There are 2 protein chains.
Amino acid sequence: MGADLPDIDLHRSIAARLAEHGQHYTANRRAVVDALARAGAPITLPDLLAVDESLAQSSAYRSLSVLIDVGVVRRLVHVGDHALFELAEHLTEHHHHLICESCGTVVDVTLPDRVEAAMDRTFDEVATALGFAPLHHAVDIYGTCATCTP
Amino acid sequence: MGADLPDIDLHRSIAARLAEHGQHYTANRRAVVDALARAGAPITLPDLLAVDESLAQSSAYRSLSVLIDVGVVRRLVHVGDHALFELAEHLTEHHHHLICESCGTVVDVTLPDRVEAAMDRTFDEVATALGFAPLHHAVDIYGTCATCTP
DNA sequence: GTTGGCATGAGAGTGATTCTCACTCTAGCA
DNA sequence: TGCTAGAGTGAGAATCACTCTCATGCCAAC
Ligand SMILES: [Mn+2]
Ligand SMILES: [Mn+2]
Ligand SMILES: [Zn+2]
Ligand SMILES: [Zn+2]
């Protein structure tokens, strides 16, 4: 989404978070992050490898796994047979997804703060009523994208 | 969820929908529907086979696939390595999911109509602004369930 | 009662993801 | 600056949820 951190801060922030977990920000992990940042939308692993041809498949999967573990990357499922990967929200901003049921395209959307706040209040109420302690939420809006609409 | 159709109507409704698509409501498909109805929450395929031991894995998967194609069953991903299956909303009611990040339990929740309406309005606005024609939405509330909270 | 076509299920196949292991790099110390 | 222990890498093997195949079963319509 629009409000990304400048690259320098992005990488510094990621390095710090990895360090907190006793992990290093290696060249491979940085290459994966760069590819995700360059994509600017959730992408599949094949797409990731296409963005940076020097990446090896097994290492890309492993770097993503480490980055997910420390909270730098988020993995999305729900569409197609490949998972989608994107930078975590603390590196971009809280957002949700528009999913085209025809072509599988996924794009980020942000909702007005007013609406987010109202949703959080409601979710907290209904979850608590069922003995759940809610931590966060995901909203997926399914429909048809511009290019798939005739 | 609470407001299920009585069994007779449930099966009649499903038979009709299958017929619309030139499909039959066979014993196997009915057994799968019964198992899902009995579960009352999204369940995995292994769980389904456990509920009805007479079901064969390959046939259960195929029956689910047919039932999904005609809109009687919905498939959820997002949690664990097995997909979750539940009866479609027109057989139960529009609802969303509470997902325990600790044990993977998934339970249904309904939101107040007022909130659903407000969300739909907002989703329509933001989607349209991005050239998307929104059709429906899914909300997942992640947190910790009662038994996982110490 | 025969026949044609869909349904079933055991087992084989598929493919995204994960694991293995021999090799490489690097951080930290001498 | 050299050494070394431990972490990182990647080609290929393995895993496993799910799908496909095909021989057989079932049923409806004549
Ligand atoms: Mn939100
Ligand atoms: Mn809703
Ligand atoms: Zn599309
Ligand atoms: Zn739990």
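Because the structure is predicted, anything quoted here is derived from the model rather than measured. Labels below follow one simple rule: chain letters A, B, ... track the order of the sequence lines, proteins then strands, and each chain is numbered from 1.
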*Let me know the distance between CG of Asp69(B) and C1' of dC6(C), rounded to the nearest Å.*
16 Å
*Is a donor-acceptor pair below 3.5 Å formed from side chain Ser58(B) to base dA10(C), judging by atom type as modelled?*
yes
*Among the clusters formed by ILVMFWY side chains lying less than 4.5 Å apart, do Ile99(A) and Ile141(A) turn up in the same one?*
no
*asked:* Can you confirm whether His24(B) is buried at NE2, in the sense that more than 12 heavy atoms of other residues, nucleotides or ligands lie under 6.0 Å from that atom?
replied: no
_Ignoring hydrogens, what is the shortest heavy-atom contact between Val33(A) and His11(A)? Give both atom names and the distance._
CG1-CE1, 4.0 Å
*Look at all strands and tell whether Ala27(A) reaches a base, only sugar-phosphate, or nothing, counting heavy atoms closer than 4.0 Å.*
nothing
*Roughly, in whole Å, what's the span from CG in Leu64(B) to P in dC18(D)?*
10 Å
_Atom-pair distance (CZ on Arg29(B); P on dC27(D)), nearest Å_ = 14 Å
*Reckon Tyr61(B) has a side-chain N or O less than 4.0 Å from the OP1 or OP2 of dT19(D)?*
no
*May I ask you to verify if any side-chain N or O of Ser59(A) is less than 4.0 angstrom from the OP1 or OP2 atom of dG10(D)?*
yes
*Let me know the distance between CZ of Arg30(A) and C1' of dG8(D), rounded to the nearest Å.*
17 Å
*Starting from C1' on dC18(D), measure out to NE2 on His82(B) and report it in whole angstrom.*
10 Å
*Please name the pair of heavy atoms, one in Arg29(B) and one in Ser63(B), separated by the smallest distance, quoted to 0.1 Å.*
CG-OG, 3.6 Å
*Is the distance from OP1 or OP2 of dA7(C) to the nearest side-chain N or O of Gln23(B) less than 4.0 Å?*
yes
*Verify the contact: side-chain N or O of Ser65(B) to OP1 or OP2 of dT19(D), cut-off strictly under 4.0 Å; return yes or no.*
no
*Could you tell me the separation between the CG atom of Leu67(A) and the P atom of dG8(D), rounded to a whole number of Å?*
11 Å
*So which nucleotide from dA16(C), dT8(C), dT9(D) ends up closest to the side chain of Asp81(A)?*
dA16(C)
*Contact under 4.0 Å: His24(A) side-chain N or O vs dG6(D) OP1/OP2*: no
*Between dA7(C) atom P and Tyr25(B) atom OH, what is the distance in whole Å?*
14 Å
*Would you call Arg121(A) and Asp124(A) a salt bridge, using N to O less than 4.0 angstrom?*
no
*Can a side chain N or O of Arg62(B) be found less than 4.0 Å away from OP1 or OP2 on dG9(C)?*
no
*Is the distance from OP1 or OP2 of dC26(D) to the nearest side-chain N or O of Asn28(B) less than 4.0 Å?*
no
_In whole Å, I'd like the distance from the CG atom of Leu49(B) to the P atom of dG9(C)._
11 Å
